[in-house]
Engineer: 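Input: one structure, supplied below.
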Amino acid sequence: QVQLVEPGGGLGQPGGSLRLSCAGSGSILGFRRMGWYRQTPGKQRELVALIASDGRMNYADSVKGRFTISRDNAKNTMYLQMNSLKPEDTAVYYCSMGIIWGQGTQVTVSS
């Protein structure tokens, strides 16, 4: 079974950028749907962005125009480019491919 690893994350400034990556331990070609989710303490995990195998993308209204999801099948990796960061983007971000989840990575947006 493919495992997902999320290096990256970290601290970003308001208005700044961060890029998250999610690396599969094997081929990700078989996954029809991949996505990024985030969770803050006391709240349910929420969808941030989805990308289908045909390239179609969907975004939460809160991140539209600021975040971009992408996948590189050759590298078995999915990305989330986060621009124009806001403090409310602070959360633990999780990647998901099919029913498999990454371990999560903390993103903190603060000046």
Side-chain angles (χ1 to χ4, degrees):
Q1 182 173 336
V2 173
Q3 295 181 328
L4 305 179
V5 177
E6 302 179 50
L11 178 65
Q13 291 190 338
S17 298
L18 286 173
R19 188 175 81 156
L20 303 181
S21 61
C22 176
S25 60
S27 175
I28 65 172
L29 282 175
F31 293 106
R32 294 185 177 181
R33 194 175 81 163
M34 305 178 183
W36 289 95
Y37 298 76
R38 66 187 182 188
Q39 189 171 20
T40 54
K43 293 187 177 181
Q44 289 188 334
R45 193 171 298 185
E46 64 174 5
L47 173 68
V48 175
L50 290 173
I51 185 167
S53 56
D54 62 2
R56 286 178 297 171
M57 297 170 282
N58 286 292
Y59 296 94
D61 288 342
S62 58
V63 306
K64 279 182 182 177
R66 300 189 299 120
F67 290 10
T68 302
I69 188 172
S70 62
R71 59 190 286 177
D72 186 335
N73 292 333
K75 295 183 178 179
N76 297 323
T77 302
M78 176 176 65
Y79 303 96
L80 185 68
Q81 178 67 42
M82 305 186 292
N83 298 330
S84 302
L85 287 167
K86 302 177 180 180
E88 51 263 44
D89 294 323
T90 296
V92 177
Y93 283 72
Y94 298 88
C95 65
S96 175
M97 298 186 186
I99 61 171
I100 303 171
W101 290 88
Q103 82 279 12
T105 187
Q106 176 69 46
V107 170
T108 301
V109 182
S110 175
S111 56

Engineer: Is any side-chain heavy atom of Asn58 closer than 4.5 Å to a side-chain heavy atom of Arg56?
Structural biologist: no
Engineer: With respect to Tyr59, which candidate in Val48, Thr68, Ile51 satisfies the side chain to side chain contact (heavy atoms under 4.5 Å, CB included) definition?
Structural biologist: Thr68
Engineer: A side-chain contact here means heavy atoms from C-beta on lying under 4.5 Å apart; do Gln103 and Glu6 qualify?
Structural biologist: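 Yes, close enough: below the 4.5 Å cut-off.
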Engineer: Measuring from atom SG of Cys95 to atom CD1 of Ile100, what distance do you get when rounded to the nearest 0.5 angstrom?
Structural biologist: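 Here the rounded value is 10.0 Å.
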Engineer: Does Leu85 share a hydrophobic cluster with Tyr37, counting links as ILVMFWY side-chain heavy atoms below 4.5 Å and allowing steps through other members?
Structural biologist: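 Different hydrophobic clusters.
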Engineer: In this structure, which one of Val63, Leu80, Leu47, Thr105 forms a side chain to side chain contact (heavy atoms under 4.5 Å, CB included) with Arg38?
Structural biologist: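 Going through the options one by one, the only one that passes is Val63.
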Engineer: Do you know the tightest heavy-atom contact between Gly35 and Leu50?
Structural biologist: CA-CD2, 3.8 Å
Engineer: Distance check, rounded to the nearest 0.5 Å: Leu18 atom CG versus Gln81 atom CD?
Structural biologist: 8.5 Å
Engineer: Parallel, tilted or perpendicular, judged at 30° and 60°: which one describes the rings of Tyr93 and Phe67?
Structural biologist: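 Aromatic pair Tyr93/Phe67 classed tilted.
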Engineer: Do the side chains of Ser96 and Met34 get nearer than 4.5 Å, heavy atoms only?
Structural biologist: no
Engineer: Leu11: which other cluster members, linking ILVMFWY side chains closer than 4.5 Å, directly or transitively?
Structural biologist: none
Engineer: Could you go through Asp89 and Lys86, starting from their C-alpha distance and side-chain angles, then the distance that decides it, and tell me whether this counts as salt bridge (charged side-chain N to carboxylate O under 4.0 Å, His left out)?
Structural biologist: CA-CA 5 Å; Asp89 294 323; Lys86 302 177 180 180; over 6 Å; no
Engineer: Using every non-hydrogen atom in the two residues, find where Ala91 and Gln39 come nearest and quote the distance to one decimal.
Structural biologist: CB-O, 3.5 Å
Engineer: Any chance you could lay out the side chain to side chain contact (heavy atoms under 4.5 Å, CB included) test for Val5 and Cys22, step after step, and finish with the verdict?
Structural biologist: CA-CA 6 Å; Val5 177; Cys22 176; over 6 Å; no
Engineer: Starting at CD1 of Ile69, measure out to CE of Met57 and round the result to the nearest 0.5 Å.
Structural biologist: 8.5 Å
Engineer: Assess the residue pair Ser111 and Gln13 against the criterion (side chain to side chain contact (heavy atoms under 4.5 Å, CB included)); give the C-alpha distance rounded to whole Å, side-chain angles, the decisive distance to 0.1 Å, and a yes or no.
Structural biologist: CA-CA 5 Å; Ser111 56; Gln13 291 190 338; 5.6 Å; no
Engineer: I'd like to know if the side chain of Ser25 and the backbone of Gln3 have a donor-acceptor N/O pair within less than 3.5 Å.
Structural biologist: yes
Engineer: From Glu46 CD over to Tyr94 OH, what is the distance, rounded to the nearest 0.5 angstrom?
Structural biologist: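 Reported to 0.5 Å precision, the distance equals 12.5 Å.
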Engineer: Mind running side chain to side chain contact (heavy atoms under 4.5 Å, CB included) on Met78 and Ser21 for me, showing each step along the way?
Structural biologist: CA-CA 6 Å; Met78 176 176 65; Ser21 61; over 6 Å; no
Engineer: Just by distance, no angles: are the side chains of Asp72 and Thr77 close enough, under 3.5 Å, to form a donor-acceptor pair?
Structural biologist: no
Engineer: Should the pair Arg71 and Tyr79 be classed as cation-pi, given the thresholds of under 6.0 Å to the six-membered ring centre and 45° from the axis?
Structural biologist: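 Cation-pi check for Arg71 and Tyr79: fails.
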Engineer: Got a sec: does the CD of Gln44 have more than 12 other heavy atoms crowding it under 6.0 Å?
Structural biologist: no
Engineer: Donor-acceptor pair, Thr90 side chain versus Val109 backbone, under 3.5 Å?
Structural biologist: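 Yes.
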Engineer: For Pro14 and Ser110, which heavy atoms make the closest approach, and how far apart are they?
Structural biologist: CD-C, 3.6 Å
Engineer: I'd like to check Phe31 versus Val2 (side-chain heavy atoms, cut-off strictly below 4.5 Å). Are they in contact?
Structural biologist: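 Yes. Closest side-chain heavy atoms under 4.5 Å.
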Engineer: Roughly how far, to the nearest 0.5 Å, is the CE atom of Met82 from the CH2 atom of Trp36?
Structural biologist: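 Reported value, rounded in 0.5 Å steps: 8.0 Å.
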Engineer: Does any N or O in the side chain of Arg66 come within less than 3.5 Å of the main-chain N or O of Ser84, such that one atom is a donor and the other an acceptor?
Structural biologist: yes
